[in-house]
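Letters go in sequence order (proteins before strands), and every chain restarts at 1. Source: prediction; values computed, not measured. No hydrogens, no waters, no symmetry mates; every other heavy atom, side chains included, goes into these values.
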Amino acid sequence: MEMEKLVSLCKRRGFLFQSSEIYGGLNGFWDYGPLGVELKRNIKEAWWRDMVSGHNELVLAEEAPSLFHMVGLDSSIIMHPQVWKCSGHYDLFHDFMVDCKESKKRYRHDQIRGRWVTSRGAEIFVATQVGGEEGDKETEQRALKYFNLRSKQAEELAWNGPLVSLTTVADFSKVLAPEAKTLGTLTAPREFNLMFKTIVGALGGEEDAAFLRPETAQGIFVNFKNVVDSSRVKIPFGIAQVGKSFRNEITPRNFTFRSREFEQMEIEFFCHPADSPKWYQYWRDRRFRWYLQLGLASSRLRLRDHDKDELSHYSCGTADIEYAFPFLPPGEFGELEGIAHRGDFDLRSHMEGKLVRQGEQLVVESDEHGKPRHRGSGKDLKYFNDQTRERFIPHVIEPSAGADRGTLAFLCEAYQEEQVEGETRLVMKFHPRIAPVKAAIFPLVNRDGMPEKAQALYGELKKEFAVFFDDGGAIGRRYRRQDEIGTPVGITIDGQTLQDSTVTWRDRDTLQQKRLPISQVKEELRAFLAPAQS
RNA sequence: GCGGGUGUAGCUCAGUGGUAGAGCGCCACGUUGCCAACGUGGCUGUCGUGGGUUCGAGCCCCAUCACCCGCUCCA
């Protein structure tokens, strides 16, 4: 499937529009049209029902290690700036980057190292991305090449010190960039703000700077104690949240896949450290099944465990649920959801201050005065189990899903072109639960009382379902119009309806028709749209 | 951020300096008894945006924005 066809359909039928389109658009922002908003809402509501409101804490869920609670939360988008300092986003999201004008490569300023060397009367800084002995070797080879020396002439290079960071270099005109052949090809370091900055207060200045959240998770962590104290939940339990997040992506691309404003569906699941591996496994498998049940094909969906060296510094296990989007090269997958075992990193950070890894331990990062680099709240976020009299910091399992990425995956998956009697039928094969319109109601022709009967049925169904009424044009055309927006059922009032009160039920995917009493339509639709068990 | 391509009606696209077009879609009326029927009529454009050259610009030049492809980046 070509992506342009889907993008065109999305615009033509009102799933997705470019943001601010009449003003030329805005890179990285998208609007959901009348059908798109229904689709995305259905996905978010399916998630909320399946994960939160539909969860029965009295019954052991399939494959769950034990009973557990689930509750929801809706926290603010703008939070105290200290939240992002302790979470690590503030430091990680403020990168200084340098560009190489020769190689067109971009580097993180603090990740380039190099050595000062003098030869043939010139002193230059030979830069590399490699550290340690490898870095020494590489800088020597590149210095030899630059000065046109043979390997045996290495003693003509006078090294003026060990590998040091590029951040110690003020004058870039003597820097030989990692993949350049000439000096001074690096631009001055430029700051990349990956978090959206804003000002709180009408008279606010720079000291009133705050950030739009880059993830919803932190709103859950900072409310952990509030939820425990107010809701009678006991560990293990999860807090779920759906909401907008914002990141200044350097290169927004691939339709809505990498947007600067996007919506997340996140769960932070709190459990006893000893049980956390089992819970990690549980969420990892359950979340994968959820996508399968809503209709993503197993051939394009995969569950991928991160390698050890891919794990964040705090994580003891992460898996991605990935989809083979059509805009990616064959064999490549894009992330829909990450399930991470985050240990006690987040709660501890908000207690003690921003943490860094020191060997096997996480310790509070300190500044040059030996004080915490980013001070925590100082509040005790431990959990007390009054049965066992145990007090501990819970471990956290985080299934973090992208609502827009999920929506895009369902759109890609649904798009089908079929040959029907020599003509191309464009059909969106959405799972009935997420289809924007559940059923279309048609009078076969506009006479003999058929419109009246159809309108009455429409009015009755509309109270409970998203249904659509269409009496325009030939019946075949009306079916095809609904196929294009993925309506799973067409219900037609015809001549026979007037005699025996039965209607035609037409299935989108099989094109098969069956008759059923008009009085049973509601019940049939209910059964058709019922969630699968998970 | 770099290089290449594209931008004209709701969609797909034609239009190489001289009166803005086609197909599809959409709307109305008639017709129409189950898979994009037919007839008649109708709506639709700051030619992405801003500036320049020219008697005259959709077309040439400059800038800018957006989208696509390839690099780069992706906590």
Side-chain angles (χ1 to χ4, degrees), chain A residues 2-5 7-14 17-30 33 84 87-95 97-108 111 179 187 190 192-195 214-215 217 245 247-255 257-260 310-315 327-329 334-335 338 340 400 418 420-427 442-448 450 471-484 490-498 503-508 510-515:
Chain A
E2 301 101 87
M3 208 54 202
E4 298 92 68
K5 287 187 174 178
V7 175
S8 165
L9 173 79
C10 282
K11 172 157 195 212
R12 184 157 46 84
R13 299 310 304 265
F17 307 123
Q18 203 182 353
S19 165
S20 319
E21 193 190 349
I22 61 168
Y23 287 106
L26 189 61
N27 196 335
F29 298 90
W30 299 89
W84 308 111
S87 72
H89 290 87
Y90 182 84
D91 292 336
L92 283 166
F93 273 42
H94 282 77
D95 294 336
M97 310 288 285
V98 294
D99 290 304
C100 176
K101 285 176 274 193
E102 181 185 319
S103 67
K104 307 297 182 196
K105 302 272 183 187
R106 172 176 292 161
Y107 309 97
R108 268 191 37 196
Q111 281 183 351
E179 284 157 88
T187 63
R190 282 176 292 188
F192 277 64
N193 287 296
L194 268 41
M195 279 199 292
E215 63 171 33
S245 295
R247 299 180 192 182
N248 258 320
E249 299 289 352
I250 294 171
T251 313
R253 205 167 278 198
N254 290 331
F255 207 15
F257 185 77
R258 180 166 289 132
S259 300
R260 287 176 162 152
E310 203 180 343
L311 295 177
S312 311
H313 56 292
Y314 48 77
S315 180
F327 50 76
L328 296 172
E335 182 183 344
S400 169
E418 295 178 352
V420 177
E421 291 171 16
E423 284 191 317
T424 302
R425 182 173 83 118
L426 184 50
V427 53
F442 309 123
L444 183 60
V445 286
N446 288 313
R447 57 160 204 253
D448 300 338
M450 291 180 211
D471 60 2
I475 189 71
R477 172 181 300 267
R478 284 180 270 163
Y479 283 143
R480 295 297 172 87
R481 274 200 286 243
Q482 293 304 311
D483 290 342
E484 227 180 49
I491 293 165
T492 303
I493 306 301
D494 54 21
Q496 197 178 329
T497 311
L498 307 173
V503 296
T504 301
W505 172 290
R506 180 261 197 185
D507 183 276
R508 175 196 67 199
T510 64
L511 300 180
Q512 296 300 302
Q513 299 188 354
K514 65 179 180 185
R515 293 202 76 84

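Remark: T504(A) OG1 to I493(A) CD1 distance equals 8.0 Å, nearest 0.5 Å. Taken from CH2 in W30(A) to CD in E21(A), the straight-line distance is 9.0 Å, to the nearest 0.5 Å.
The side chain of N254(A) contributes no N or O atom lying less than 4.0 Å from OP1 or OP2 of C67(B).
Look at CG on L328(A): it is 14 Å from C1' on C68(B), rounded to the nearest Å. In this structure, CZ of R253(A) is placed 12 Å from C1' of A66(B), rounded to the nearest angstrom. If you take CZ of F257(A) and P of C73(B), they are 17 Å apart, rounded to a whole angstrom. Computed from coordinates, the E4(A) CD to U6(B) C1' distance equals 11 Å when rounded to whole Å. We find that CD of E249(A) is positioned 14 Å from P of G1(B), with the value rounded to whole Å. Remark: P of C35(B) and CZ of R480(A) are 9 Å apart, rounded to the nearest angstrom. Rounded to whole Å, the distance from CG on L194(A) to P on C73(B) is 14 Å. At whole-Å resolution of the value, CG in D483(A) and C1' in C35(B) are 8 Å apart.
Every side chain to side chain donor-acceptor pair (under 3.5 Å) that E418(A) has, sequence neighbours left out, goes to R425(A), K429(A). Under the rule for a side chain to side chain donor-acceptor pair (under 3.5 Å), N446(A) has no partner lying at least two apart in sequence or in another chain. By the side chain to side chain donor-acceptor pair (under 3.5 Å) test, E484(A) is found to be paired with R12(A), R13(A), residues two or more places apart in sequence or in another chain being considered. When the side chain to side chain donor-acceptor pair (under 3.5 Å) test is applied to T497(A), the partners found at least two apart in sequence or on another chain are D494(A).
Side chain of Q18(A), nearest nucleotide from C67(B), C35(B), G1(B): C67(B). Closest contact between the side chain of K11(A) and the listed nucleotides U12(B), C73(B), G10(B) involves G10(B).
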- Message: Walk along nucleotides 22-34 of chain B from 5' to 3' and tag each nucleotide B, S or - by protein heavy-atom contact under 4.0 Å, base first, then sugar-phosphate.
- Response: ---SS-----BBB
- Message: One character per nucleotide, please: for nucleotides 40-50 of chain B, 5' to 3', B when the base has a protein heavy atom closer than 4.0 Å, S when only the sugar-phosphate does, - otherwise.
- Response: -----------
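Shown here, G23(B) forms a base pair with C11(B); the pair counts as Watson-Crick or G-U wobble because both key distances fall under 3.5 Å.
Rounded to whole Å, the C1' atom of G5(B) lies 24 Å from the corresponding atom of A9(B). Across the C1' atoms, U54(B) and C62(B) are found 16 Å apart, a figure rounded to whole Å. Here, C71(B) and G21(B) have their P atoms 43 Å apart, quoted to the whole Å. Distance check on atom C1': U44(B) versus G39(B) gives 22 Å, rounded to whole Å. Separation of the C1' atoms belonging to U31(B) and C38(B) is 8 Å when rounded to the nearest angstrom. Here the separation of A14(B) from G23(B), taken at their P atoms, is 16 Å to the nearest Å. As rounded to the nearest Å, A20(B) and G56(B) have C1' atoms that lie 15 Å from one another. Annotation: C34(B) and U19(B) have their P atoms spaced 49 Å apart (nearest Å).
When side chains are defined from C-beta on, F442(A) counts as touching Q482(A), because their heavy atoms get closer than 4.5 Å. Contact check for S8(A) versus M3(A): no side-chain heavy atoms found under the 4.5 Å cut-off.
Below the 3.5 angstrom threshold, one finds a donor paired with an acceptor across the side chain of E484(A) and the base of A36(B).
Aromatic rings from F255(A) and F327(A) are positioned such that their centres are separated by 6.0 Å or more.
Take the nearest nucleotide of RNA chain B for R260(A) and for L511(A): the residue whose nucleotide is more 5' is L511(A).
When only modelled atom types and interatomic distance are considered, T492(A) and R506(A) share no side-chain donor-acceptor pair under 3.5 Å.
Residue-level contact check: F442(A) touches neither bases nor backbone, having no heavy atom under 4.0 Å from any strand.
Proximity of a side-chain donor or acceptor of R508(A) to a complementary backbone N or O of G490(A) within less than 3.5 Å is not detected.
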